[in-house]
Amino acid sequence: MQSLSELTISSTLRDRFMNANRVLVLTGAGVSAESGVPTFRGGGNTAVWKGMPFDVISSAQMVQRDLPAVWEWFDYRRQLLSTLRPNAAHLELAKWQSRFTDFKLVTQNIDGLHQLAGSRDVIELHGSIWGGRCTTCHSRHEIGRAGERADACFDCGDPVRPDVVLFGEMLPAGSFEAAAEAAANCELCFVLGTSALVYPAAALPEIAREAGAFVCEVDPERTPLSDLCHEVLTGKAGEVLPLISAVAAV
Ligand code: BJW
């Protein structure tokens, strides 16, 4: 990884950043890493819970087979999250929303840290850890910061599961469509802290690029999207984003 002092923000990116009206940002787990939230992948590692890889415990099959175990994993992560704060990347993105005429923040993260930093109208493609939904009637149940949650649905009494999107499950109605429309219409697209392995989220920068947007990735590691990007800034989001703002302020 380049050191921050070696990182060059091109004059093209600076000009695009200064002049863009329509900006789309796609974030992934790496944006919350500096807050202390573990990523799923990266550095050759895979997140594991009690010996189970995350894609086993965070799967639709596990919800069917052992819902209490799934809740245990999500309760543990909510407890951790309740002690964590937004980092410099979340705070910078919250500032960007008033900088551009049309700013859309799309996240794969379920942690709610963008909203805690002050971002509004965030499109949460993979749901929220702060919600549950009924396995039968799909009623939604908010989970408070203190962690209190219902095991049984208030409406029909059937089991409640985490309101997140697991592999093979559909994204929340309309969320990808809204994100894809923003991608097709943006002039500048940032891809931040995602391994870009999970679809359909990883298709958004492809849509933006195809529609003529300038695409910039910020990540300490290269990803399958790096070659598609006009600019790749190798570094941590919490360090690089403030630098982009600073360069554009000069
Ligand atoms: C830093 C950093 C720092 C570190 N600063 N960066 C097309 C092709 C192939 C497959 C499919 C396809 N379309 C659909 C699929 C199937 C599947 C899929 O994509 N599979 C692939 C993995 C092969 N997709 C789905 O199933 C999706 N549903 C769907 O498509 O429905 C339609 C459908 C239904 C039925 C049949 C067919 C179609 C749903 C995907 C749901 C993903 N869910 C999870 C779990 C959520 C719950 C939980 O949290 O437990 O979402 S999986 C996990 O991965 C989580 C994340 O949101 C997601 C993405 O991970 P992300 O954010 O990229 O994190 P990491 O850890 O992978 O990467 C971190 C990055 O940060 C790294 O690059 C680091 O270097 C970097 N980093 N520090 C900046 N400081």
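Position 1 is the first residue of the sequence; numbering continues from there. Order of appearance sets the numbers: ligands from 1, and atoms from 1 within every ligand.
Between the side chains of Arg209 and His230, a donor-acceptor pair is found at a separation under 3.5 Å. In the model, Ser139 has a side-chain atom that pairs as donor or acceptor with a side-chain atom of Asp155 under 3.5 Å.
Under the 30°/60° scheme for interplanar angles, the aromatic rings of Phe100 and Phe103 are found to lie parallel.
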Which protein N or O atoms sit under 3.5 Å from any N or O of ligand 1? Give each pair with its distance.
from: ligand 1; atom 1: 5 (N); to: Gly30; atom 2: O; distance (Å): 3.4
from: ligand 1; atom 1: 5 (N); to: Ala237; atom 2: N; distance (Å): 2.9
from: ligand 1; atom 1: 19 (O); to: Tyr199; atom 2: N; distance (Å): 2.7
from: ligand 1; atom 1: 19 (O); to: Tyr199; atom 2: O; distance (Å): 3.3
from: ligand 1; atom 1: 24 (N); to: Tyr199; atom 2: O; distance (Å): 2.9
from: ligand 1; atom 1: 26 (O); to: Gly168; atom 2: N; distance (Å): 2.6
from: ligand 1; atom 1: 28 (N); to: Glu169; atom 2: O; distance (Å): 2.8
from: ligand 1; atom 1: 31 (O); to: Glu169; atom 2: O; distance (Å): 3.0
from: ligand 1; atom 1: 43 (N); to: Val165; atom 2: O; distance (Å): 2.9
from: ligand 1; atom 1: 49 (O); to: Arg77; atom 2: NH1; distance (Å): 3.4
from: ligand 1; atom 1: 49 (O); to: Arg77; atom 2: NH2; distance (Å): 2.7
from: ligand 1; atom 1: 50 (O); to: Ser58; atom 2: OG; distance (Å): 2.4
from: ligand 1; atom 1: 50 (O); to: Arg77; atom 2: NH1; distance (Å): 2.9
from: ligand 1; atom 1: 51 (O); to: His126; atom 2: ND1; distance (Å): 3.2
from: ligand 1; atom 1: 54 (O); to: Arg41; atom 2: NH1; distance (Å): 3.2
from: ligand 1; atom 1: 54 (O); to: Arg41; atom 2: NH2; distance (Å): 3.3
from: ligand 1; atom 1: 57 (O); to: Gln108; atom 2: O; distance (Å): 3.0
from: ligand 1; atom 1: 57 (O); to: His126; atom 2: ND1; distance (Å): 2.8
from: ligand 1; atom 1: 60 (O); to: Arg41; atom 2: NH1; distance (Å): 3.1
from: ligand 1; atom 1: 62 (O); to: Ala29; atom 2: N; distance (Å): 2.8
from: ligand 1; atom 1: 63 (O); to: Thr194; atom 2: OG1; distance (Å): 2.6
from: ligand 1; atom 1: 63 (O); to: Ser195; atom 2: N; distance (Å): 3.0
from: ligand 1; atom 1: 63 (O); to: Ser195; atom 2: OG; distance (Å): 3.3
from: ligand 1; atom 1: 66 (O); to: Phe40; atom 2: N; distance (Å): 2.7
from: ligand 1; atom 1: 66 (O); to: Arg41; atom 2: N; distance (Å): 2.6
from: ligand 1; atom 1: 66 (O); to: Arg41; atom 2: O; distance (Å): 3.4
from: ligand 1; atom 1: 67 (O); to: Arg41; atom 2: NH1; distance (Å): 2.5
from: ligand 1; atom 1: 67 (O); to: Ser195; atom 2: OG; distance (Å): 2.5
from: ligand 1; atom 1: 68 (O); to: Ser195; atom 2: N; distance (Å): 3.3
from: ligand 1; atom 1: 71 (O); to: Gly30; atom 2: N; distance (Å): 3.4
from: ligand 1; atom 1: 71 (O); to: Gly193; atom 2: O; distance (Å): 3.2
from: ligand 1; atom 1: 73 (O); to: Asp219; atom 2: OD1; distance (Å): 3.2
from: ligand 1; atom 1: 73 (O); to: Asp219; atom 2: OD2; distance (Å): 2.8
from: ligand 1; atom 1: 75 (O); to: Asp219; atom 2: OD1; distance (Å): 2.6
from: ligand 1; atom 1: 80 (N); to: Glu34; atom 2: OE2; distance (Å): 2.8

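No cation-pi contact links Arg161 to Trp71, judged by a cut-off of 6.0 Å to the six-membered ring centre and 45° from its axis. In this structure, Arg77 is positioned above the aromatic face of Phe74, its NZ or CZ under 6.0 Å from the six-membered ring centre and within 45° of the axis.
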| said: Set out, in order, the CA-CA distance, both residues' side-chain angles and the distance that settles side-chain contact (heavy atoms from CB on, under 4.5 Å) for Thr27 and Gln108, then state yes or no. | reply: CA-CA 6 Å; Thr27 65; Gln108 299 169 81; over 6 Å; no
